[in-house]
Amino acid sequence: MSDVTADLQLMIDKPSLFLHDLDVVTLSSSGLQLNDNLFMRDAELASLKHAYLRSISGSSELAIISGVSGTGKTHLAFQLGSHITSNGGIFLTVKFNQLKQANPISDIISAFDDYCNIFMSMTDWNGVKSMASQLQDALGRDAHLLIKLIPKLSEILDCDTTDIAPNYDCAHGQEKILYLLIRFVEVMSDCSKASLTLFLDDLQWADAFALSVLQHMIMMPNEDKRFFFLGCCRADEIDDHHLFKGMLEKFLDNGIPLTMIQLECMSKEKMQKMVSTLLHLSPRSVKGLSDIIYHKTKGNPLFVSRLLKSMNRDGLLNLSLSRRRWVWDENLIKSIELPTDVAAFFSRIISRLSPEVQAALQVLSCFGSVESFELLILEAKLGLEVVKPLEFAVDEGFVNKSDNKFRFSHDKIQEAAYVMVPLEHRCLEHLEYGLCLIDVSVEKGNDCLLFTALGQVNLAGPSVVTDVTKSTEIAQHNLVAGKRAIGMSEFSCASRFFKSGISFLRENHWRDHYSLSLELFGLAAKCSLVLGDFTFLASMSQEIEKHAHCLDDKLDNLFVVMSSLANSSKVSDSVQLGLSLLTQLGCGLPTTYSRDGTMSLIKQTQKDLSTMSDSNLLNYKRMTDRRHIMAMKCLAKLEFPTLQVSPELQPLVNLKMVKMTIDHGMCDSSPVGFAYFASMLARCGEMRAGYRFAKLAKALLGQFGLKESIGEVTHFFALGASICITLFLMKPMPHNQYPLLISSR
């Protein structure tokens with residue numbers, strides 16, 4: 001009797017579900033329909049909405065949705081996204097790729113490209129012009145570096161960067177890009193009337209640079225940012241050593257508000273309620289079916305939804321037109337054996353699709369996500385039909401398509417499709433796809449296509465390339481791609497390209513392909529310096545030292561080794577190597593020195609400079625001799641370390657820089673020399689002269705941009721301090737100019 005009472009109460013409370021007839025006409029054609037509310041995440045969604053409102057009303061807040069794969073994390077995030085966009089907000093999505101393809105454009109940066117599109121569509125001409133003006137002030141002469149990463153930014157700034165020569169020096173590139181990105185975000189926040197939500201999906205696969213950008217954005221001091229940061233991650237794939245875990249701890253230590261949403265698989269009771277709601281039948285009448293589904297899926301929402309659709313498609317869960325309700329055979333459903341793993345279950349479903357759709361899904365699984373035009377290239381080159389079958393897969397819910405890009409609707413589906421590619425064929429398929437795309441990328445000069453192509457080729461690896469000539473060509477392509485990545489200040493990716501390029505070199509490559517080998521090993525060492533991988537740097541440097549033909553071919557490597565010693569707290573060794581390198585370059589310093597001798601050199605240097613006006617110095621000839629330029633870089637690198645280990649030698653280092661500039665011309669390192677010279681004169685009581693050369697150093701700083709002159713962060717601060725202190729003592733600078741001196745510029 002109690003069951004009947006409960007059923008009657010349901011009919012009273014929810015007549016549309018439990019009293020009214022089903023729309024059998026619609027359901028007979030559409031099949032079983034699962035909506036957003038079935039998995040009962042209302043409380044979690046409400047919590048996220050509250051966090052969002054708090055964030056856009058004050059300081060930034062971070063919300064993290066965690067749970068095992070298939071619990072509906074992404075789906076919940078997009079429910080919030082729909083709420084945000086319907087209320088005038090902007091919702092940007094970043095999805096990190098499980099395959100970690102070698103694209104130097106971090107996924108988080110690509111979201112800013114999307115933002116530029118949205119901003120221009122939402123803003124009138126005056127608003128765009130205002131943002132362009134503020135961006136020019138914020139980014140200055142370095143705006144072109146950001147445009148390389150955010151192409152749509154060029155439309156806001158109305159500038160062309162095609163004629164700007166690339167710079168392959170690694171010093172502080174990533175810090176500079178990070179600085180510029182944060183400045184861009186600050187301006188973006190000031191100019192946009194809409195709140196901005198940045199959603200980062202699959203944070204367990206996020207790259208270090210993306211996490212660094214996220215950390216700096218969240219910790220920006222501006223109270224009116226109206227930013228909300230939302231992330232999804234698999235808790236079981238983030239251990240205590242994961243970068244993201246460390247970042248969360250730092251947020252908590254700094255008082256950043258953090259909302260944690262943990263999604264669990266459904267309990268038996270929730271499963272019964274969900275099936276009851278879905279089939280418009282009372283809970284007691286579906287208990288047997290819901291128990292079977294729970295037993296087979298363990299309550300995993302992704303598994304449940306796909307199983308229900310599969311049962312409906314296979315005739316195990318049918319709509320009875322005569323009874324106007326859903327019907328099923330519990331014994332028949334029980335007898336079906338299902339894989340306990342979600343990916344294996346998807347493989348089983350995919351195997352029932354047509355061979356053409358299976359093949360297309362397997363192609364897509366090798367990429368993770370891919371542009372339509374890239375698939376059209378593969379179709380033309382390989383005679384495959386991919387796009388049309390993938391359109392069918394979109395209709396079936398296996399794949400999403402947005403902005404002409406195909407992407408799996410869930411990474412477990414990608415995993416299932418990839419597993420279906422025979423193990424012995426996977427590397428060959430990666431190679432085949434990559435080589436097809438490389439040819440077109442070279443023909444069209446398309447860097448993004450080159451990155452995608454090499455992602456495939458490098459996944460294949462050198463062992464499957466039997467042609468020696470082709471292997472060398474791939475090494476050359478990796479060199480080109482690595483240089484492009486350095487130009488974007490993406491050194492982790494550049495390092496992967498260089499390492500892959502080295503792996504494709506064959507025996508006797510130093511003899512047969514000397515220039516290619518020297519450049520690959522040299523740039524790999526440079527990237528290792530930036531990334532702090534001193535063990536790998538040492539192995540690269542040893543190879544160069546062993547095989548380089550002459551001193552000129554060793555110079556860059558010796559400078560990198562010198563920098564690595566300083567960065568790894570071996571300052572004395574770094575100074576000794578620097579002094580040795582200067583001697584080899586014919587620019588050695590005196591081995592004996594005295595205070596009187598140093599003071600005499602200072603006076604002589606002042607006398608030499610007294611005949612040259614500031615205008616003459618600012619328009620002075622450029623240094624062209626490669627050895628002289630390297631000597632100046634080496635001296636600039638020695639300025640700060642010699643203060644630590646040999647203070648009496650430091651003035652000679654500085655005076656040598658100024659002397660070489662007078663004799664041979666200006667170079668990118670010259671501002672360092674004049675900055676320290678100004679500081680030295682100020683310490684000697686020559687305040688007016690110090691003031692003059694501090695101003696000159698500042699002017700040169702803007703003229704040369706310090707592309708190669710400084711090798712470690714402490715040197716930046718030393719340089720900035722040398723200028724700032726001297727200028728302050730003689731004539732205080734406007735407050736807004738100080739940051740320019742010590743920023744990443």
Side-chain angles (χ1 to χ4, degrees), residues 589-590 593-620 623 632-633 635-644 646-706 709-743 745:
L589 298 177
Y593 33 82
S594 63
R595 186 179 187 281
D596 290 341
T598 299
M599 293 302 298
S600 177
L601 283 174
I602 293 174
K603 295 295 183 184
Q604 182 60 48
T605 303
Q606 283 186 278
K607 182 179 178 182
D608 293 341
L609 288 168
S610 65
T611 61
M612 306 173 73
S613 69
D614 290 354
S615 177
N616 288 338
L617 287 169
L618 288 171
N619 296 285
Y620 204 50
M623 190 178 293
M632 286 290 285
K633 286 179 66 174
L635 288 163
K637 175 67 68 177
L638 286 170
E639 286 271 26
F640 190 74
T642 50
L643 277 173
Q644 295 175 284
S646 184
E648 66 279 4
L649 180 62
Q650 191 273 332
L652 299 180
V653 171
N654 178 238
L655 293 168
K656 185 71 172 181
M657 289 193 76
V658 179
K659 175 66 173 170
M660 288 190 66
T661 297
I662 295 171
D663 292 345
H664 305 293
M666 291 283 180
C667 69
D668 291 344
S669 302
S670 295
V672 177
F674 283 108
Y676 275 95
F677 185 58
S679 180
M680 182 167 58
L681 291 176
R683 291 197 303 272
C684 292
E686 299 278 352
M687 301 301 295
R688 189 166 299 280
Y691 176 54
R692 177 199 173 190
F693 292 111
K695 286 199 303 179
L696 176 67
K698 178 177 177 289
L700 291 171
L701 185 69
Q703 190 177 99
F704 289 98
L706 288 182
S709 57
I710 300 177
E712 68 278 333
V713 174
T714 52
H715 207 154
F716 268 115
F717 286 105
L719 174 62
S722 297
I723 300 173
C724 290
I725 291 171
T726 307
L727 285 175
F728 180 76
L729 288 171
M730 293 300 299
K731 180 181 178 182
M733 294 170 57
H735 179 268
N736 63 358
Q737 291 186 23
Y738 283 104
L740 298 178
L741 297 174
I742 58 173
S743 72
R745 294 184 60 196

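A heavy-atom distance below 4.5 Å is found between the side chains of Gln606 and Phe677.
Considering Tyr676, Tyr691, Phe693 in turn, Phe693 is the only one that fulfils the side-chain contact (heavy atoms from CB on, under 4.5 Å) rule with Leu681.
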How far apart are the C-alpha atoms of Gln644 and Thr642, what are their side-chain angles, what is the distance that settles it, and do they pass the side-chain hydrogen bond (donor to acceptor under 3.5 Å, both in side chains) test?
CA-CA 5 Å; Gln644 295 175 284; Thr642 50; over 6 Å; no
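Residues forming a side chain to side chain donor-acceptor pair (under 3.5 Å) with Thr661 (at least two apart in sequence, or on another chain): Ser670. For Asp608, there are no salt bridge (charged side-chain N to carboxylate O under 4.0 Å, His left out) partners two or more places apart in sequence or in a different chain. Residues satisfying the salt bridge (charged side-chain N to carboxylate O under 4.0 Å, His left out) criterion with Asp596, sequence neighbours excluded, are absent altogether.
Closest non-hydrogen pair, Val658 versus Gly673, comes out as CG2-O, 4.0 Å. The two residues Gly690 and Ala678 have their closest heavy-atom pair at O-CB, 3.3 Å. Minimum heavy-atom separation, Leu609 to Arg692: O-NH1, 3.6 Å.
Taking CE of Met632 as the reference point, atom CE of Met666 lies at 8.5 Å (rounded to 0.5 Å). Atom CG of Leu652 sits about 14.0 Å away from atom NZ of Lys659, to the nearest 0.5 Å. Taking OG1 from Thr598 and CD from Gln650, the interatomic distance works out to 10.5 Å, rounded to the nearest 0.5 Å. The structure places CG of Leu700 at 11.5 Å from OG of Ser669, a figure rounded to the nearest 0.5 Å. In this structure, CD in Glu686 is found 4.5 Å from NZ in Lys603, a value given to the nearest 0.5 Å. Between the CG atom in Asn654 and the CG atom in Leu649 there is a gap of 11.0 Å [rounded to 0.5 Å].
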